[in-house]
**Q** 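Below is one structure. I have some questions about it.
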Number of protein chains: 4
Amino acid sequence: MTITPAGQKWLAVAEDLAEQLRIDAAERDRANASPVRELELLRESGLLTLGLVEADSWSTQMAVTRIIGAADANVGHLLGYHYLQLWRSELFDNADAMGRLRASTAENQWFWAGVSNPLDAALELTPVESGFVLNGRKTFATGAAVADRIVVSATRTDTGEKLTFVLDARAEGITYRDDWDNIGQRLTASGGVVFDHVAVAAHEVLGTQTEDNPRLSLAALGFQLVLAQLYVAIAEGALAEAAEYTRQRTRPWFTSGVESATEDPHILVSYGEMVASVEAAGLLADKAATALKVAADHGAGLTAEQRAATAVTISSAKVVSTKAANETTTRIFEQTGARATTSAYGFDRFWRNARTLTLHDPVVYKAREVGEYFLTGKRPPFTGYS
Amino acid sequence: MTITPAGQKWLAVAEDLAEQLRIDAAERDRANASPVRELELLRESGLLTLGLVEADSWSTQMAVTRIIGAADANVGHLLGYHYLQLWRSELFDNADAMGRLRASTAENQWFWAGVSNPLDAALELTPVESGFVLNGRKTFATGAAVADRIVVSATRTDTGEKLTFVLDARAEGITYRDDWDNIGQRLTASGGVVFDHVAVAAHEVLGTQTEDNPRLSLAALGFQLVLAQLYVAIAEGALAEAAEYTRQRTRPWFTSGVESATEDPHILVSYGEMVASVEAAGLLADKAATALKVAADHGAGLTAEQRAATAVTISSAKVVSTKAANETTTRIFEQTGARATTSAYGFDRFWRNARTLTLHDPVVYKAREVGEYFLTGKRPPFTGYS
Amino acid sequence: MTITPAGQKWLAVAEDLAEQLRIDAAERDRANASPVRELELLRESGLLTLGLVEADSWSTQMAVTRIIGAADANVGHLLGYHYLQLWRSELFDNADAMGRLRASTAENQWFWAGVSNPLDAALELTPVESGFVLNGRKTFATGAAVADRIVVSATRTDTGEKLTFVLDARAEGITYRDDWDNIGQRLTASGGVVFDHVAVAAHEVLGTQTEDNPRLSLAALGFQLVLAQLYVAIAEGALAEAAEYTRQRTRPWFTSGVESATEDPHILVSYGEMVASVEAAGLLADKAATALKVAADHGAGLTAEQRAATAVTISSAKVVSTKAANETTTRIFEQTGARATTSAYGFDRFWRNARTLTLHDPVVYKAREVGEYFLTGKRPPFTGYS
Amino acid sequence: MTITPAGQKWLAVAEDLAEQLRIDAAERDRANASPVRELELLRESGLLTLGLVEADSWSTQMAVTRIIGAADANVGHLLGYHYLQLWRSELFDNADAMGRLRASTAENQWFWAGVSNPLDAALELTPVESGFVLNGRKTFATGAAVADRIVVSATRTDTGEKLTFVLDARAEGITYRDDWDNIGQRLTASGGVVFDHVAVAAHEVLGTQTEDNPRLSLAALGFQLVLAQLYVAIAEGALAEAAEYTRQRTRPWFTSGVESATEDPHILVSYGEMVASVEAAGLLADKAATALKVAADHGAGLTAEQRAATAVTISSAKVVSTKAANETTTRIFEQTGARATTSAYGFDRFWRNARTLTLHDPVVYKAREVGEYFLTGKRPPFTGYS
């Protein structure tokens with residue numbers, strides 16, 4: 001992926017924030033609080049506005065997500081999804097609504113999240129004079145509880161159409177259940193949301209989701225891609241922190257015959273193998289990002305076959321990055337040694353984050369998609385996950 | 001390994017206790033308290049006295065360690081090391097001292113632990129009229145803080161001899177630093193110990209450790225073996241709990257075409273691969289246990305070559321079980337699905353326990369021993385880890 | 001597995017033959033001829049008669065199969081299947097027929113093979129006055145072309161019953177198609193057989209195969225077990241030959257800093273990892289062998305559940321040994337170095353033999369059986385492969 | 001890597017030749033002859049002249065090497081090394097000599113090879129009036145026996161300088177030992193070469209190799225890169241041929257419950273995993289290719305640090321592609337099934353080629369380089385392999 005000079009500046013901003021996040025990442029993971037302070041940091045950095053004005057910011061957004069995600073996978077997750085919600089809202093080609101939303105987001109440094117677990121029952125949208133009334137509940141809405149705006153999809157009770165709209169996350173009738181307490185990605189506020197007679201104005205509707213529209217179907221692929229990027233980020237973060245520990249603290253094994261852990265042949269080989277496989281995973285994630293950009297740029301002309309090839313590249317990236325993340329976050333400990341299991345370092349958070357996030361949807365079905373397309377040319381179906 | 005009928009009864013006792021431990025294992029892991037209640041349960045079960053009276057209890061002790069370790073790796077660790085301390089104390093052939101100690105242990109349900117991190121500086125033993133005075137500090141003394149008796153080794157300041165003796169864990173001058181706060185094996189009380197002018201009576205001395213005595217050198221191998229057994233236990237426990245979850249809660253993936261997660265072909269294959277590899281690892285750990293028993297039974301006649309072959313078998317077991325434990329505890333989640341990452345289930349404890357315990361000493365150096373012996377016949381040196 | 005003193009003598013015989021086979025194993029693999037000379041060697045060694053007189057020879061047969069199979073997987077295959085054909089013929093409890101056959105086999109040093117590919121259409125058995133007439137064709141009948149006696153199953157055209165019988169392999173009407181030319185197991189004479197009006201006398205019939213008889217169904221498991229033993233044997237043979245090469249010929253890498261390849265840390269670790277995993281696989285294969293013996297010893301009283309547990313243990317062994325064989329036979333080259341790819345050494349035969357033999361039936365379905373039994377208790381169906 | 005429109009035409013040429021090579025690749029591998037006919041095909045295609053006239057042909061050369069290498073790893077190897085010899089000859093910045101050589105190569109469709117095994121003793125170059133006389137012997141000179149021009153390096157007996165020059169491969173005094181008979185890459189004519197008083201004219205000398213020149217040291221990296229590209233190519237070729245077989249011939253397993261092997265869930269997943277990992281490996285090889293191009297384009301200004309970063313990226317690519325090649329070429333058989341081991345298909349050639357070529361130099365030392373650079377920043381030394 002090529003980053004523009006303007007993008008390079010954003011990367012530097014991201015590196016600065018990453019540096020700050022790394023300092024107390026372990027501590028914040030243990031505290032297991034709502035990511036309020038983390039969002040403040042994102043706002044202060046300006047990163048929430050990246051892409052609102054500039055063209056060609058997709059590569060930069062992806063790179064920034066990786067940098068932040070390596071330092072703190074929670075914050076990377078929130079930020080990557082924020083970019084995604086804005087990006088996928090554009091797919092409806094509702095220039096009017098998006099113009100307003102982009103401007104307000106830039107002005108107010110709004111943080112966006114989504115409410116859309118495809119495995120839950122659909123939310124219900126009842127038409128009323130002023131627009132609609134929204135009812136229902138959804139689980140696992142990453143970031144929604146701390147968001148300013150949420151992107152929501154729901155089914156019209158009269159026509160059965162599925163509309164997507166953007167709400168003020170603090171609107172009356174919305175309750176956040178605060179029921180996310182998981183072993184990883186603890187600071188992502190990924191709990192459930194209840195909508196109880198929430199008013200939805202007509203102008204808040206971005207458009208109608210149709211099941212067979214290749215372009216709109218890219219939204220699901222976007223989430224898969226950001227997940228792949230985050231898996232790579234977690235592996236990169238784990239490697240960086242482990243290496244720092246090995247350099248600073250690991251003692252050479254007493255029968256190794258070397259003076260320093262950084263000379264131990266097995267430690268060197270193991271780092272080399274991890275670095276190489278994570279690098280390969282990262283390149284595939286980047287290729288997938290480029291592919292999705294190209295697909296989206298096709299606009300309404302995107303064909304089902306182009307969409308399929310894009311989906312399969314993203315699935316490949318997910319397969320490879322899932323493996324890299326889970327393996328790397330376990331293996332780093334062999335290079336740090338036993339004392340690095342001290343809770344204060346919190347190095348298990350990389351594995352816990354990787355393990356939790358890589359279960360988003362079963363990766364074996366991604367591999368199956370890739371294999372089926374390769375073997376038979378069969379295209380992945382349009383679903384919330386493919 | 002063959003278990004005697006008397007042993008079978010102990011296995012039943014162990015299964016009962018395991019059942020009880022499983023109920024709140026996750027909760028106790030989170031509480032991260034000293035394993036006081038766990039020791040009470042061990043005492044109530046009578047398992048601490050297994051082997052004090054019966055002959056041929058080695059296989060039973062190993063099997064019991066696996067059963068308890070699968071339910072709660074912390075308690076399995078404490079119990080396995082308890083058996084080990086008693087066993088390795090016998091290697092000094094001090095029938096007099098051991099007769100008394102065995103009797104008192106049986107009578108009082110004493111729990112034994114050891115203080116012996118080989119990587120620390122040696123403790124110092126200054127001769128005085130009544131025996132010795134002990135000074136120094138050691139790290140990572142699993143179980144010592146909650147033990148009744150501790151096995152300690154120290155170097156005489158006058159002769160340089162290394163003596164091993166058994167102390168009342170509550171004796172004056174002994175302080176437990178309570179500094180074990182790690183990501184796994186949280187309830188093993190594996191903190192440091194300080195000895196400040198602790199009196200050691202002559203009759204408490206079991207014997208002198210000489211560096212070149214094959215029989216005494218078996219002690220180090222015993223710990224390696226128990227670790228291998230615990231790695232297998234953790235993998236077995238992870239598989240059992242994951243399977244129960246899959247049966248009870250996992251939902252079939254929506255594109256799987258099956259009605260139940262227990263019919264998903266990928267879930268079935270994955271369990272099959274894990275079960276098979278853990279079974280193989282368990283057999284190798286059992287072979288290693290038998291080998292160590294045979295070696296110890298050789299008594300003073302144990303040759304250096306017999307000792308080497310035993311050490312290498314144990315190292316092989318450690319290599320295979322390390323891999324099985326780390327892989328299984330990561331992989332189970334793919335069969336349980338995303339919701340199993342809920343903190344309440346605490347399924348990450350299997351990985352955290354495996355990851356922590358498998359770092360006891362670097363397994364790559366075990367593989368190196370095995371390879372060197374296979375390739376060149378070179379025997380592993382006598383160290384605290386081989 | 002415990003080997004009797006009588007068995008120990010057979011192991012020595014096997015070691016002698018193995019030594020002889022190893023000398024020109026690569027050359028014979030290249031020549032790709034019918035294993036006539038190999039069978040002569042088996043006859044001369046007396047190994048074909050092992051088990052015809054002695055009780056308790058099962059463990060010895062398995063151990064001998066491993067020893068010979070490590071030296072030459074082709075000959076191990078022929079011998080293991082020979083033992084298996086005799087063993088599985090006993091399952092019909094036709095003492096009369098088997099008494100005669102055992103005696104003649106011992107007297108004439110007969111070599112047995114079987115004709116039974118379950119994936120082919122059944123052979124047809126038409127009743128005639130003197131017994132039956134046999135017609136049909138089968139593929140992949142290992143050893144049949146060089147056998148003295150072949151065990152054949154066919155379906156009666158009148159009753160539909162499936163009979164099993166033992167024929168003179170040279171009987172009129174039997175043609176061997178000599179169509180086995182594969183990348184591995186080249187000297188196993190595993191071609192097709194055509195039966196054209198072959199006379200089958202009534203007294204040659206061992207019994208009737210019924211689909212739901214647990215005891216008779218053990219035959220299929222026997223083949224699975226012998227395959228697992230051969231996979232382990234191939235891995236063991238590969239390791240032994242590679243180690244010999246490393247010791248004799250491998251040069252240390254010029255940046256390794258060591259004087260000899262046998263001191264290279266990476267070579268040592270790699271051998272250690274392979275030795276350990278092959279050892280574990282071997283123990284599981286031995287456990288499976290013992291389980292099958294126990295199951296067969298139950299006689300008619302064998303329950304479906306006992307049969308299922310046996311089948312699953314054998315499948316576990318196959319899963320683990322398949323992996324060990326394929327991985328080891330690829331990995332050894334990293335320890336021998338580039339020059340060991342010289343054709344004269346023929347070290348690729350280990351991989352070619354392993355790769356060919358481990359495809360006998362798809363191992364993923366074995367893993368699936370193991371997983372399903374573990375997860376749901378569902379017993380493997382009675383088939384030609386399970 | 002971006003391919004120019006001119007390059008796209010070359011890719012089409014390469015695809016045509018690949019199609020032709022695939023037809024009898026197995027047969028030619030079995031015949032194990034000198035690659036004379038293969039070179040004719042290369043000449044007829046015009047591919048030997050790719051890059052002699054056009055600028056920016058590096059990416060195209062790499063892509064062409066992959067396409068041809070996937071169809072026939074032998075021919076890919078010859079072609080890739082041909083490009084490499086021309087490329088690395090340019091590093092001496094001897095515009096005069098190279099101008100002539102490029103022109104003649106284009107005119108005569110010369111095929112280039114090299115004679116340079118760094119592990120052998122150096123060739124000796126004795127100054128005489130007309131230039132030099134060359135003596136000595138080298139092993140493993142891929143393609144030299146069928147080449148038109150060979151690039152040779154030798155040490156001056158007077159000054160100790162190491163000169164590199166280009167000889168007519170048929171010059172008097174050069175003998176090709178025809179001693180390459182290995183399990184893989186059989187058609188690469190990789191035998192030894194003897195130089196017996198071979199005349200070397202002064203104008204044939206490209207320049208002097210100095211040990212500490214970053215730019216000239218790129219030659220060694222070029223070979224490493226081409227090897228990585230070939231490993232990827234072999235994996236790609238194996239996947240393509242296996243998939244074709246699965247589609248055309250593989251029968252579904254009888255307990256699979258599906259009608260066609262292309263619906264078997266395990267086959268689909270396995271292809272998916274292989275495709276994804278090979279794709280990632282290919283991207284890393286391409287990144288390495290770009291990095292080497294950038295490094296070479298720095299010209300004399302190339303810094304030691306830039307050179308190190310390039311070397312490490314190439315080593316990473318080698319680590320990842322080695323794994324992908326060895327794993328894929330073994331694993332494909334699980335998707336084709338047992339009958340695909342028939343010798344006529346020759347599917348084992350992928351593994352034999354991969355296994356042979358990935359032993360070029362021990363990959364574990366490449367991983368070590370990558371790890372050391374990551375951990376400590378230490379730069380790989382300038383050697384014939386790094």
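Hydrogens, waters and symmetry mates play no part in the numbers below; they use all other heavy atoms, side chains included.
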**Q** Identify the two heavy atoms, one from Ala367(A) and one from Val269(D), that lie closest to each other, and give their separation to 0.1 Å.
**A**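 So the minimum-distance heavy-atom pair works out to CB-O, 3.9 Å.
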**Q** Hey, could you give me the CG/CZ distance between Leu268(A) and Phe374(D), rounded to the nearest 0.5 Å?
**A**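 Spacing of CG (Leu268(A)) from CZ (Phe374(D)) equals 12.0 Å.
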**Q** Where do Leu284(A) and Ala276(D) come nearest, in terms of heavy atoms and distance?
**A**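 Where Leu284(A) meets Ala276(D) most closely, the heavy atoms are CD2-O, 3.6 Å.
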**Q** Which heavy atom of Thr376(D) sits nearest a heavy atom of Thr262(A), and at what distance?
**A**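 That closest heavy-atom pairing would be CG2-CB, 3.7 Å.
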**Q** At a 4.5 Å cut-off on heavy atoms, which part of Leu239(D) comes close to chain A: side chain, backbone, both, or neither?
**A**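 Both backbone and side chain of Leu239(D) come within 4.5 Å of chain A.
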**Q** Identify which of Glu273(D), Met274(D), Arg368(D), Lys323(D) forms the greatest number of heavy-atom pairs closer than 4.5 Å to chain A.
**A**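 Winner by heavy-atom pair count: Arg368(D).
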**Q** Around Arg247(A), counting heavy atoms of other residues, nucleotides and ligands shown, do more than 12 lie under 6.0 Å from its CZ?
**A**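 Yes, CZ of Arg247(A) has more than 12 neighbouring heavy atoms, counting only those of other groups under 6.0 Å.
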**Q** Given the rule in the side-chain contact (heavy atoms from CB on, under 4.5 Å) test, do Lys287(D) and Glu279(A) qualify, once you have shown the distances and angles that lead to the verdict?
**A** CA-CA 10 Å; Lys287(D) 178 180 171 177; Glu279(A) 189 171 6; 2.6 Å; yes
**Q** Select one option (side chain, backbone, both, neither) describing which atoms of Val319(A) are under 4.5 Å from chain D's heavy atoms.
**A**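 It is the side chain, since no backbone atom gets that close.
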**Q** Can you tell me how far apart CG (Leu375(A)) and CD (Glu244(D)) are? Round to the nearest 0.5 Å.
**A**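 If I round to the nearest 0.5 Å, the distance is 9.5 Å.
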